[in-house]
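Down below is the structure, laid out as structure tokens.
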Amino acid sequence: MQTTVPKNRRGYLGALALILVIVGLYWGLIHAPPDAYQGNAQRIMYLHIPSILTAYLSFFLVFVGSCLYLWKREKRDDILAYSAAEIGVLFTALTIVEGSIWGKPTWGVWWTWDARLTLTAILLLIFVGYLMLRSLIEEESRAASAAAILGIIGFLDIPLIHMSVYWWRTLHQPPSILRPDKAPWDNIHPAMLTALAINFFAFVLLYFYLLSLRFRLGEMTEEIKTRRMDRGR
Amino acid sequence: MQLTVRDLSKAYGLRWALRDLNLDLVPGECVALLGPNGAGKTTLLKLLAGLIYPTRGDVRLNGAPFSRTSTELRSTIGFLTPGEHLYENLTARENLDFFTALYNKNHSSAAIVRALEEVELTDWSREYLSALSSGMKFRLSIAKWQLLEVGLLLLDEPYGVLDGSGINLMEAFLKSQCEKGNVVVIASHHISRVLQLCTRALILHQGKLTFDEPRRQPWDSFERAFADFLPHGGP
Amino acid sequence: METWGYVFLAYGIVWGALLLYLFSLKRRFRRAEMEVAELSSAEELQKHAQK
Amino acid sequence: MKLLRQTYLLLRKDLVLELRRRESLLTMFFFGTLLLFVFHFSFDLVPEKVTEMAPALLWLAFLFTGTLGLTQLFEAERTNHCLDALLLSPMDRGALFLAKTCFNIILMVAVEIVVVPLFWILFNLRSWEGVPLLLGVAFLGTIGFCVLGTLLSGVTLKARARELLLPLVLFPLMVPVILATIRCMEAILRNGNIGDAVPWLRLLLGFDVIFVTVGILIFDWAIDV
């Protein structure tokens with residue numbers, strides 16, 4: 001799976017991501033109208049929804065990298081899984097931070113056991129477990145295989161976690177209007193929708209820019225390692 | 001049992017344990033694998049046994065390469081290391097029963113008793129393995145591999161634990177294996193003993209195969225090749 | 001406006017963290033590039049030495 | 001079938017070893033009962049609240065006891081490099097996975113069968129008619145726990161500080177099993193049968209089925225290098 005973006009193309013990707021981010025900021029903060037109920041606090045949604053989806057995207061890439069690695073045993077796929085996991089942890093952690101900041105003005109508390117926040121917290125724990133597992137196994141190929149298996153199991157478990165957390169959530173507290181977990185795209189102001197869309201693409205492009213950078217870095221460290229070994233003999 | 005190794009390399013972290021090794025073993029050969037500590041002898045044995053996978057190159061048994069699914073191929077490989085591959089809390093007899101069943105060899109109980117007799121462990125058969133000395137444990141693994149009828153036998157430093165009669169027992173066992181057309185590879189530091197036994201000698205140095213010749217009398221090329229490992233002189 | 005405070009807090013943390021990560025990535029990236037360059041030049045030297 | 005024959009063989013070997021030394025069984029049993037007391041003191045349970053809290057207390061006690069079993073699972077294979085002996089043999093890696101999973105299930109079920117009645121006595125609950133169904137649900141939960149636990153126990157076998165790493169990696173993935181089992185148990189205690197917790201039961205069954213198949217297919221890479 002060729003994701004190594006040559007030097008200049010990565011520059012374009014970075015520049016495009018930057019532009020979209022700025023446009024997204026403009027739309028999200030200024031152009032889009034405040035929400036009827038939550039006022040301006042609702043503008044955090046333009047960050048929250050895209051970063052959740054990016055977190056899911058990175059989990060999917062870890063899964064793809066892990067499967068490819070186990071199947072073909074190529075270092076490249078392992079680097080992809082590792083890079084996706086590293087960036088995935090960052091986005092998942094940010095998602096939780098946004099979620100709790102959004103919760104303060106809306107419900108008056110920093111943390112509610114809202115289905116989406118709980119789910120993101122569990123995702124973060126799985127990611128942390130993934131990175132801890134990788135760092136605690138010395139031998140390279142063994143660490144890669146172990147991480148690959150955890151990547152696959154983690155991904156397969158997400159739908160089950162998703163279901164159980166949502167059922168558990170609806171059991172305790174039926175979703176009310178004010179709750180941010182109602183589907184944001186029904187009866188929503190068109191300007192808000194476009195702001196959301198722009199921010200979403202900005203996040204995805206930024207994610208792939210970071211991923212290609214981290215992936216290239218991974219490849220270079222690998223190259224340095226093999227070169228240093230060969231020179232050693 | 002025919003074994004071919006093509007430009008085999010194995011790296012641990014930043015260090016090459018084995019570099020571009022090529023080897024062909026034909027049935028009936030008894031190979032001595034010599035070299036200083038850390039030359040990669042155990043790594044090579046583990047690669048031949050399929051316990052670890054090579055970084056580059058491949059190992060083929062009877063033409064079939066090792067892979068995850070080649071479980072049938074594994075029933076022809078034996079790995080003999082002093083005090084290993086036996087369950088400490090099972091009795092000697094239970095160990096043999098377990099492994100013969102695992103390898104799907106339906107030996108009669110009499111055959112197992114006879115195997116124990118041959119290695120002089122009859123009155124220890126009901127003892128836990130932990131009660132046996134390391135020499136006796138090694139005799140038990142000889143009985144084990146005798147029952148499992150493997151085509152390739154790999155031994156890692158067998159001479160360390162055996163007493164006089166144990167060594168004769170083992171060498172008789174290995175000779176019978178070679179006569180049956182199996183391949184034996186012995187990694188050892190007891191050069192004098194292992195040279196008498198083997199039909200071919202390999203010398204490994206820093207992961208590279210520096211010497212590979214069949215045995216002949218007198219063997220001056222071997223003396224020269226092995227000279228730079230000996231402190232000064234030596235056997 | 002109290003809610004604007006939260007919005008800026010959220011945006012600040014998110015974009016701050018992302019920029020921080022980008023800079024750390026760039027720094028690691030540049031250091032790796034230097035090492036590759038240094039290694040390849042060392043190899044050239046070795047090749048000349050052997051010729 | 002070769003897989004089942006080898007699984008039986010490995011399982012019998014593990015049971016013989018365990019019955020001979022009884023390390024895991026006894027420690028797990030006493031740890032289970034210990035947790036009951038600890039929970040009782042820490043929650044200071046009023047009789048009415050006990051039936052409501054009983055499922056969570058029981059199930060958490062079983063999970064922590066099970067984790068003890070998981071960390072000891074490959075102990076017999078670590079001495080004398082017996083794991084290499086198994087990997088060397090024509091053993092189907094899935095058989096090792098099934099055998100170890102069944103072994104840990106047997107241990108946990110043994111603990112559960114003793115601890116649940118003990119719980120009833122200690123907390124002097126009157127209605128005993130829900131107990132067999134409760135044990136049935138606990139069994140399904142135990143399968144899910146042991147399947148994923150054995151898989152991750154194999155994965156973390158060669159890691160440093162693996163006793164710490166295993167629970168950290170395992171418990172986030174256990175959320176569906178924890179929630180489903182406790183919800184089913186509550187339903188049983190409340191109205192004598194599964195009743196409205198049927199979707200949870202389906203989730204639990206789905207979890208077990210998915211990860212048994214995944215385990216058999218993927219355990220090879222976990223244990224082999």
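Lettering follows sequence order; numbering is per chain, from 1.
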Let me know if B:Ser130 has heavy atoms under 4.5 Å from chain D in its side chain, its backbone, both or neither.
-> neither
B:Arg74 side chain to D:Met91 backbone, donor-acceptor under 3.5 Å | no
Are any non-hydrogen side-chain atoms of D:Asn80 and B:Tyr87 less than 4.5 angstrom apart?
-> no
In terms of heavy-atom contacts, D:Gln6 and B:Leu102 come closest through NE2-O, 4.0 Å
Any idea which of B:Ala101, B:Gly78, B:Ala49 has the most non-hydrogen atom pairs under 4.5 angstrom with chain D?
-> B:Ala101
Turns out that what part of B:Leu129 lies under 4.5 Å from chain D's heavy atoms comes down to side chain
On a heavy-atom basis, the closest approach of D:Leu88 and B:Trp145 is CD2-CH2, 3.9 Å
Interface residue of largest heavy-atom contact number with chain B, from D:Thr79, D:Leu86, D:Leu17, under 4.5 Å = D:Leu17
Can you say whether B:Asp97 sits under 4.5 Å from chain D via the side chain, the backbone, both, or neither, judging by heavy atoms?
-> neither
In residues 159-176 of chain D, which residues are in contact with chain B at a heavy-atom separation under 4.5 Å?
-> none
Do other residues, nucleotides or ligands put more than 12 heavy atoms under 6.0 Å from D:Phe31 CZ?
-> yes
Side-chain heavy-atom pair D:Ser89, B:Phe99 within 4.5 angstrom cut-off | no
Counting only heavy atoms not in D:Phe29, do more than 12 fall under 6.0 Å of its CZ?
-> yes
Give a yes or no on whether the backbone of B:Phe98 and the side-chain of D:Arg12 come within a donor-acceptor separation of less than 3.5 Å.
-> no
Who wins among B:Ile77, B:Leu148, B:Leu90 for the most heavy-atom pairs under 4.5 Å with chain D?
-> B:Leu90
Quick one: which residue pairs count as a salt bridge (charged side-chain N to carboxylate O under 4.0 Å, His left out) with a foot in residues 76-90 of chain B, not counting sequence neighbours?
-> B:Glu88-B:Lys137
Taking only heavy atoms into account, what residues of residues 54-61 of chain B are found under 4.5 Å from chain D?
-> none
Would you call B:Glu94-D:Arg20 a salt bridge at under 4.0 Å N-O?
-> yes
Within residues 111-123 of chain B, the residues sitting under 4.5 Å from chain D by heavy atom, in sequence order, are none
